[in-house]
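In what follows, a single structure is set out as structure tokens and then discussed.
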Protein chains: 4
Amino acid sequence: MKTLTEKYIETRQRTEMICKHLQVEDYTPQSAVFASPPKWHIAHITWFFEEMILKKYVPKYKVFDTNFGFLFNSYYNSIGERIERHNRGLLTRPTVERVYQYRAYVDDAMIKLLGSVSDKEMTTLTILGINHEQQHQELLITDIKHTLALNPLYPQLYKNNLINRYNKNANGWTEIPEGTYQIGHQSDDFCFDNELGVHRVFLETFEISNNLVTYGEFIAFINDDGYKNPEYWLSEGWSWINDNHISNPLYWKNVNDTWHHYTFSGLESIDENAMLTHISFYEAAAYAQWKGLRLPTEFEWEAASSKLHWGTHWEWTNSAYLPYPKFKTAQGAVGEYNGKFMINQMVLRGASIATALGHSRPTYRNFFHPESQWQFSGIRLAK
Amino acid sequence: MKTLTEKYIETRQRTEMICKHLQVEDYTPQSAVFASPPKWHIAHITWFFEEMILKKYVPKYKVFDTNFGFLFNSYYNSIGERIERHNRGLLTRPTVERVYQYRAYVDDAMIKLLGSVSDKEMTTLTILGINHEQQHQELLITDIKHTLALNPLYPQLYKNNLINRYNKNANGWTEIPEGTYQIGHQSDDFCFDNELGVHRVFLETFEISNNLVTYGEFIAFINDDGYKNPEYWLSEGWSWINDNHISNPLYWKNVNDTWHHYTFSGLESIDENAMLTHISFYEAAAYAQWKGLRLPTEFEWEAASSKLHWGTHWEWTNSAYLPYPKFKTAQGAVGEYNGKFMINQMVLRGASIATALGHSRPTYRNFFHPESQWQFSGIRLAK
Amino acid sequence: MKTLTEKYIETRQRTEMICKHLQVEDYTPQSAVFASPPKWHIAHITWFFEEMILKKYVPKYKVFDTNFGFLFNSYYNSIGERIERHNRGLLTRPTVERVYQYRAYVDDAMIKLLGSVSDKEMTTLTILGINHEQQHQELLITDIKHTLALNPLYPQLYKNNLINRYNKNANGWTEIPEGTYQIGHQSDDFCFDNELGVHRVFLETFEISNNLVTYGEFIAFINDDGYKNPEYWLSEGWSWINDNHISNPLYWKNVNDTWHHYTFSGLESIDENAMLTHISFYEAAAYAQWKGLRLPTEFEWEAASSKLHWGTHWEWTNSAYLPYPKFKTAQGAVGEYNGKFMINQMVLRGASIATALGHSRPTYRNFFHPESQWQFSGIRLAK
Amino acid sequence: MKTLTEKYIETRQRTEMICKHLQVEDYTPQSAVFASPPKWHIAHITWFFEEMILKKYVPKYKVFDTNFGFLFNSYYNSIGERIERHNRGLLTRPTVERVYQYRAYVDDAMIKLLGSVSDKEMTTLTILGINHEQQHQELLITDIKHTLALNPLYPQLYKNNLINRYNKNANGWTEIPEGTYQIGHQSDDFCFDNELGVHRVFLETFEISNNLVTYGEFIAFINDDGYKNPEYWLSEGWSWINDNHISNPLYWKNVNDTWHHYTFSGLESIDENAMLTHISFYEAAAYAQWKGLRLPTEFEWEAASSKLHWGTHWEWTNSAYLPYPKFKTAQGAVGEYNGKFMINQMVLRGASIATALGHSRPTYRNFFHPESQWQFSGIRLAK
């Protein structure tokens, strides 16, 4: 089994692998309010270790740069002033090079600390920091893709287009019988606070699809005027597609009557057998309505998860992101982690091709606003 | 027991009672996108009977005015073009007088029809129309209040300020034991589609407060800098109060260091013993967080309802408005009723002083966006 | 010659004539930020007499209602708090009836005052008040039209559609020789402060059209893709038509391939020989560019005015609204009259069918933003 | 006298000098809609030479990259699709390195062309291209400053803070007698189309200040509640400062009760004797009103220019940017140059420390919206 130091190093290296093909220019822009610049991500996840661990456990620790707290803090209102979120993309300084120096400086201190001190709370915080970095790795990937996709040159970042590789891999339905199910994280392994509080949920009998919806199936929805018929849409979903002139999923482009989409390999024609991704909850719900079916709840999903193939696409559920019974917000800055986002967001379960190995489990609760499209999200149906 | 005709007449008369003290000028404006002009309400609920019933069941029925379908349709996308929602307040014509003529015309036809024809579907639609009108009665009251409250003259509409009368009427907590509870409407009486599909929900043991939060208790939250401390607020609630410069509940005004609020009797000093109303979900959730408590779920509320005093204030729950298992959208325009709003809204349970008699039941699911303040909403805590 | 009292009465009566066919409902709404409710207009012009004259010249004058200063003040920042401009349409109280009582009350006091006191400054202020009311009469007409035009019923207010009556009444061009011209108001008659400061302007030789552009001529511009070709448009005009999806003048509607427009007589087919109105500066400038011609400056217009037929349509000039040399802002509230608007607006010269008799003169400077369409504005070309 | 090739090379080199201290990261962001990324500027001014000259005059010219036309076109609607203006800051590719390769490629071709071909129109276009690049040099400087100023680190770009060096250098007033003055460009040297059409303007006698307003003088305005008193402000200026919470000039920051401002040398305390810059027209007009004085017109400025020290600060005039008599828009893309911006902008005369040598003359008409602050603009008064 890996030591904590090994896990720390592995996580830090994966972040740098993700950025390997970036140009210096790619690190700065913020393509949307919901996204952050790559430079911000890599500095912020480093700042977390410095702020939460090094400042506390390293005697006389010298902060790398006193400005960085202000620049790379995120939502931690308890820790003081932050740069306005929508201005993150204008921070040309510090340079990328200096942010990597910051990473190296913090890595040196962390590795030295982890090798010399053993403290339960410090271990807990380090594991939280590793999981925090893994979360940002996924956002890093999806945020980079969002910026590059806006570029009319459709730049290629990786040679392999991962997404089109994942073809439909199952058929039919799985029936789950009615009964009381245990929901929530049960082992001693790491989990986020929102998974805690094991509790019982009664489920009526339901069936859940063994496969995710494919591009071809979704094209049938489009061809049947799916984006033009209000009957299929939630009222706010209908406003969303009309206000934003949306008539196909994110990153799609019709070239000579053939659907293409932007991938990390550039603009590619769509493989109809592959499993659809970059879909919003609104689109997922409309598709389900058109099919005369529905999305599963997060409890149904968790109850059925051991019988499903999952892990390449986040799967929208029809559950709003809300606290489990007995959910308690932790004290202080760490407590700002999850609870404050429990409104107006929908739960996704599973994991995606962008998720770090070891960062997924059946109780994991991911969550985004219903209009979010830029994650590797797909559709699984229930009835 | 009342006949359907009696119920119809009673409902129609209550609408006119509500409007009794309005001036002609009060009927036109729309004070916010979420509100509608009184004239629009009273025409729209009339249009419902004409469109859904009279056109179908009265042979050779002559529509009162062919333009009214366009003017007074609401969200029924299936029935064709509508006037843009935010322009409803600019419709000076038809006049109020003509809209009352429309009401009388439809009432004549409806009463004649109800007295002569007996048809199961027609009865069902009439009962739906009555309940629809009762829903709009409550909106009529809250929308009128919202317009008058913006008027610097603080006009008096009724002599009695109903709200300040409802003092705290209970103390302590009720404990509900863990177990599987039946949720949803079970009798043959009318209910909305969103209450249907009786199903089982497992609840862990919980306690629910016997009383609603009072004005005095909420003032303590304000005095403890409740509106200034992000720790108490959901992240989007914190943005909401800051973007809108909110530092007290809707309709409140501090006059010489004493809290007043606008009521239908004009601007009045607040009675600290009365039960708080016009509170948003964001404010309710922040208050609960400050108290170290929480809001009940809608399932907890329903399970405990027989042991609670309720009916003067809608009570925010911590449940998002989502379909029950097996929820099915009805076909056609009637099917647009509820399902399409099942996103980004929170459930309120109970009823309020503005709710029509006979329009409340323990399974009733009301729902509004978390920032909505203009309903007669209050706070009940759980733990 | 009319006495001041006669002029006062005549002006006050004309306002009431304009409102004669209004329903009570028509008095309340505000159809756009640039418009005001009729009730506001008729109260505001009354308030001017009360605030500027009666409070000063009538000993122990008793204000009709102390709230009215707050409600019906306009841009007079010196006189204190005002209701927010965009909320004017929500003021259902005071009622229309009470505002007419206010008018009667002020009229009584004014007539008594004018009959008993003779004071130079008071006379000056009364004449200013009369001219102020005449200005609001024109806005009253155009604001009423703007509200009614948004109504899908296209209500008829007057039987005669005044606009379609004004056919092209001249042909050819008038040449004005180069030279130094006197610009500005010269007699002792009333004028606004922005006309004062007679000064010399040198004009190069130019020609000005004897006629205004007709509907038929403008339809030719539309048919030649005038609204689709950026070459004809000022850059901000091009953004304006695209952001607002504008492809024809205000109030136009294409019914079965025939252009109609809303008039006070309802929706009518357009008479191609009539002179075009309700045109923005952007549209006027684009039309001139398409013709290879230009709009006159306000100085050219004034120099040529004695040789032109004018008075039915305000005529856009290519002059920005700026102070004349030696322009001085008057002291106090009256000084807020004109100077503070001298930015981002273009001058119109002439008068329109909605202008009060006696309120027009060749030196009059009207001004609106370049996107304004709702005035009775037309196009005269120069070269 | 310099050859055209020498002038071309000198201009191109100055652009690179301006960028000498930029980091790669600084080239990408767009800090506001009115600004452009440095990379865009340096590519766009290169594209101008390729599009307007090389494609026409070099036989079989091979475009460097066919995508660049789309990416680096600006307002030239005639030349086809462009990237949306507000997305310019998201273009991470092409890289800065590749854009410099583009410059080198175009420079090679231009130098070869200028050395071998002599053609009148080509010469004219080259001179236009040089002047176009000089204009963008000034925007490059002001746009870089705008981005860096938003950075909480206040990065230093140059060691010398040029602005604080320019102390008040004159006193008193110059009187210019009434009379007819020639306005507009008269020699055969290059000028922009908006300066053409020499014409006569009659000016009344006026006095113009020999000096620009200093920081110290403007601080007196602030200290006298200049930003809090609506009497000094144009109505839209008053809205602008209130909507944007403006209470001091751009880049100012009060540190321990001392006014500082961001300069290219970082955050520095303000030298009260230096001449004020980065002032909007609204602020300039309010200052003049507070002083009981006014801004000169552009005609007054031009008539007085030979008697004034000017060249370090652009000087706001009270003239709107409008065409001179006989102004003609050129045909085609070059014709989009100036005429289409002749609305809602005010003229500035003179030049600034950021203006290229040889790019200034007394007839030069610069123009910006009245709220623009980010240019090196100052205040000269008249009476």
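Letters A, B, ... mirror the listed sequences (proteins, then strands); counts begin at 1. Quick caveat, the model's predicted, so the values are computed rather than measured.
For the atom pair CD of E25(C) and OG1 of T28(B), the computed distance is 5.5 Å after rounding to the nearest 0.5 Å. Here the CG-CG distance, from N151(B) to L71(C), works out to 6.5 Å after rounding to the nearest 0.5 Å.
Here the rule is side-chain contact (heavy atoms from CB on, under 4.5 Å) with Q23(C), and of T95(B), T92(B), V24(B) only T95(B) fits it.
L153(B) approaches R93(C) most closely through the heavy-atom pair CD1-O, 3.8 Å. Across all non-hydrogen atoms, the minimal contact from L90(B) to T147(C) is O-CG2, 3.7 Å.
A 4.5 Å side-chain heavy-atom check between L91(C) and P152(B) finds at least one atom pair inside the cut-off.
Ranked by non-hydrogen atom pairs under 4.5 Å with chain C, the options N67(B), L22(B), D26(B) are led by D26(B).
In the displayed structure, E97(B) atom CD is contacted under 6.0 Å by at most 12 heavy atoms of other residues, nucleotides or ligands.
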